[in-house]
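Have a look at the structure below before the remarks.
All values reported here derive from a predicted model rather than from experimental measurement.
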Amino acid sequence: MNRGFLIIAQTDVERKQATALAYSIKIHNSDAQISLVVGDLGEVEDHYEEPFDNIIEFPFNSKIQSRSNDWQLWWVTPYESNIVIDCACILNTDITT
């Protein structure tokens, strides 16, 4: 995989937000690769999995505050080029360029 989106979501509320963000990305960029990054794979509810191509667990101990885990994205990304988007965002346009 060459390019993709990374979204960190540690809590249930953040996973809901990340799911909405993933769907908003797919609406305008249907071929986009999107990965959800979480602290514990066991906490991810099945109904949040559908819009994501990957659900990845942080390799090191994670903090509940999402931004304090950004440094770990270097080790978990499956992409060569990344766009990291805060889970509380929504995209309303095509950003493939």
Side-chain angles (χ1 to χ4, degrees):
M1 288 180 252
N2 189 28
R3 299 185 305 168
F5 294 88
L6 292 175
I7 306 168
I8 299 172
Q10 294 282 71
T11 67
D12 185 56
V13 170
E14 289 177 344
R15 287 187 290 277
K16 288 178 186 176
Q17 293 171 334
T19 302
L21 170 57
Y23 282 121
S24 76
I25 292 169
K26 294 279 188 177
I27 287 170
H28 299 287
N29 304 283
S30 60
D31 295 332
Q33 296 290 308
I34 305 170
S35 293
L36 177 66
V37 185
V38 298
D40 183 0
L41 288 174
E43 293 182 3
V44 179
E45 300 83 355
D46 292 342
H47 56 276
Y48 293 138
E49 294 180 4
E50 196 270 325
F52 300 103
D53 298 291
N54 302 295
I55 299 179
I56 305 164
E57 187 174 70
F58 284 117
F60 307 106
N61 290 334
S62 63
K63 307 279 190 236
I64 198 69
Q65 299 85 7
S66 293
R67 302 307 314 200
S68 61
N69 295 302
D70 287 357
W71 65 275
Q72 295 193 54
L73 296 176
W74 176 265
W75 283 275
V76 300
T77 183
Y79 314 115
E80 291 177 27
S81 299
N82 301 277
I83 296 177
V84 179
I85 301 181
D86 187 272
C87 62
C89 296
I90 295 289
L91 290 184
N92 60 6
T93 188
D94 181 346
I95 62 170
T96 56
T97 59

If I compare all heavy atoms of D53 with all of A32, which pair ends up nearest, and what's the gap?
OD2-O, 3.5 Å
In short, V76 meets F58 closest at the heavy-atom pair CG1-CA, 4.2 Å
When you group the ILVMFWY residues by side-chain heavy-atom contacts below 4.5 Å and let the links chain together, are Y79 and I95 in the same group?
no
Interatomic distance, CD@Q17 vs CG@D86, rounded to 0.5 Å, equals 7.5 Å
Residues forming a salt bridge (Lys or Arg N to Asp or Glu O under 4.0 Å) with E45, sequence neighbours excluded:
R15
Residue set satisfying side-chain hydrogen bond (donor to acceptor under 3.5 Å, both in side chains) with N29, at least two apart, ordered chain then number -> none
Ignoring hydrogens, what is the shortest heavy-atom contact between V38 and A9? Give both atom names and the distance.
CG1-O, 3.3 Å
Can you get from Y48 to L41 by hopping between Ile, Leu, Val, Met, Phe, Trp and Tyr side chains that sit under 4.5 Å apart?
no
Lys/Arg-Asp/Glu bridge criterion (N-O < 4.0 Å) met for R3, D31:
no
Cluster overlap I7 with I55, hydrophobic side-chain contacts below 4.5 Å:
yes
Mind checking the CD1-OH spacing from I90 to Y23? Nearest 0.5 Å is all I need.
12.0 Å
Is there a path of hydrophobic side-chain contacts, each under 4.5 Å between heavy atoms, that joins I8 and L21?
no
List in chain and number order the residues that pass ring-ring contact (aromatic ring centres under 6.0 Å, His included) with W75, two or more places apart in sequence or in another chain; answer none if no residue qualifies.
F60, W71
Working to the nearest 0.5 angstrom, can you tell me the gap between I34 CD1 and F52 CZ?
7.0 Å
Same apolar cluster: L73 and I56, side chain cutoff 4.5 Å
yes
